Amino acid sequence: WPGGLQPGVARARVAGARGGSQDMSAEEGDVAAVLQRIRASAGNLQAIVDQYKAAERSHQRDRDLQALVDIYKAAWETYGQPKGPIDFDFQDLSVKRLRALCRHNPTDAREFHNNVLRKCSIGRGDARIYEVRAAMEERLGDTARAIKLLEEGIRVGATPPSVLNKSLLRLQELAKNRPEKPPPSQPVQAAEARPSLFSSSAMAGEHPAAAPRGMLLSGLLQRPAPTPGAS
């Protein structure tokens with residue numbers, strides 16, 4: 001049977017191709033069965049890997065992106081912690097889950113990377129993690145954040161560094177050649193009140209509001225008295 005489906009599910013999909021709504025029901029039922037099989041494989045790492053890889057082959061279309069997110073999440077949680085300082089199966093699963101989240105929900109992708117993968121030595125050590133996250137930020141228009149992510153990956157020693165260096169050089173060149181945005185227009189300020197002729201701030205070219213009241217009074221009190229008999 002195609003895609004490793006059971007006969008009943010395959011027949012449902014054939015019927016769904018004719019009826020439309022039945023096809024969606026079969027898809028949802030298939031995903032639920034996959035998630036159940038993955039969770040039932042807890043403790044058997046190879047079975048978990050085999051289950052999710054078999055399922056992802058039949059859900060690579062964009063309309064199955066939610067299914068992929070659910071499948072990778074179930075497999076990642078059932079797999080548990082990495083089994084040593086080097087665990088290629090855990091690394092591959094982490095990259096696939098992050099990549100699916102980047103395409104499906106950027107907010108969830110950032111949360112998974114910031115709160116989980118950045119705190120895991122294997123997550124920090126895989127250059128693909130930083131490459132995937134940076135690609136998402138670039139796609140969303142935040143080139144500056146993408147550059148910072150690539151620089152972080154290089155700084156923490158993620159491997160292979162060539163992947164990050166190549167992407168970083170491309171983004172830096174793109175940012176350098178991109179025309180700078182004009183500065184935002186300054187708001188029109190209200191006309192300033194005319195300073196008092198007797199204030200010391202007026203003599204110094206300052207707005208009277210900037211001078212203390214005592215200084216203004218002293219300026220008035222210190223005016224020389226008129227000379228008697230002067231015309």
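Note: hydrogens, waters and symmetry copies are ignored here, and every other heavy atom, side chains too, is used. Given the structure is predicted, the values throughout are model-derived calculations rather than measurements.
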Heavy atoms, side chains only, cut-off 4.5 Å: are Ser162 and Leu164 in contact? no

Could you go through Gln91 and Asp87, starting from their C-alpha distance and side-chain angles, then the distance that decides it, and tell me whether this counts as side-chain hydrogen bond (donor to acceptor under 3.5 Å, both in side chains)? CA-CA 6 Å; Gln91 288 179 248; Asp87 189 336; over 6 Å; no

Using a strict 4.0 Å threshold on nitrogen-to-oxygen distance, state whether Glu77 and Arg39 make a salt bridge. no

Counting neighbours of NZ on Lys83 that are heavy atoms of other residues, nucleotides or ligands and sit closer than 6.0 Å, is the number greater than 12? yes

Closest non-hydrogen contact found for Ser41 with Arg37 is OG-O, 2.9 Å

Using the side chain to side chain contact (heavy atoms under 4.5 Å, CB included) rule, pick out the option among Leu168, Leu117, Val156 that qualifies with Tyr130. Val156

Where does the angle between the aromatic ring planes of Phe112 and Trp76 fall among parallel (under 30°), tilted (30 to 60°) and perpendicular (over 60°)? perpendicular

What pair of heavy atoms forms the shortest contact from Arg139 to Cys102, and how long is it? NH2-O, 2.8 Å

For Val31 and Ala67 the tightest heavy-atom approach is CG2-CB, 3.6 Å

So does Ala75 get a backbone contact from the side chain of Thr78, meaning a donor-acceptor N/O pair under 3.5 Å? no

Decide yes or no for Arg133 and Arg145: does some side-chain heavy atom of the first lie under 4.5 Å from some side-chain heavy atom of the second? yes

Which atom pair, heavy atoms only, marks the closest approach of Leu150 to Glu131? CD2-CA, 4.4 Å

If I compare all heavy atoms of Ala146 with all of Ala134, which pair ends up nearest, and what's the gap? CB-O, 3.4 Å

Could you give the distance from CD (Glu137) to CG (Leu149), rounded to the nearest 0.5 Å? 6.0 Å

Are Leu98 and Met136 in one and the same hydrophobic cluster, where Ile, Leu, Val, Met, Phe, Trp and Tyr link if side-chain heavy atoms are under 4.5 Å apart? no

OH on Tyr79 to CG on Leu93, rounded to 0.5 Å: 8.0 Å

Rounded to the nearest 0.5 Å, the CG atom of Asp126 sits from the CD1 atom of Ile122 at a distance of 9.0 Å

Hydrophobic clusters here meaning ILVMFWY residues chained together by side-chain heavy-atom distances under 4.5 Å, can you tell me if Val132 and Val116 are in one? yes

Run the side chain to side chain contact (heavy atoms under 4.5 Å, CB included) check on Arg128 and Asp92 step by step: do they pass? CA-CA 9 Å; Arg128 295 174 297 172; Asp92 291 343; 3.0 Å; yes

For Tyr72, the option from Arg97, Arg99, Glu56 that meets side chain to side chain donor-acceptor pair (under 3.5 Å): Glu56

Same apolar cluster: Ile129 and Val163, side chain cutoff 4.5 Å: no

Roughly how far, to the nearest 0.5 Å, is NZ of Lys73 from CG of Asp70? 8.0 Å

Approximate separation, where rounding is to 0.5 Å, of Ser167 OG and Ile147 CD1: 11.0 Å

Salt bridge (Lys or Arg N to Asp or Glu O under 4.0 Å) between Glu173 and Arg170, intermediate numbers included: CA-CA 5 Å; Glu173 189 68 21; Arg170 181 182 62 80; over 6 Å; no

Of all pairs that satisfy salt bridge (charged side-chain N to carboxylate O under 4.0 Å, His left out), the ones with a partner from residues 113-125, not counting sequence neighbours: Arg118-Glu152

For Gln172, look at atom CD and say whether over 12 heavy atoms of other residues, nucleotides or ligands are found less than 6.0 Å away. yes

Can you tell me how far the CG atom of Asp30 sits from the CG atom of Leu35, to the nearest 0.5 Å? 9.5 Å

Give me the atom names and distance for the closest heavy-atom approach of Asp64 to Ser58. OD2-O, 3.6 Å

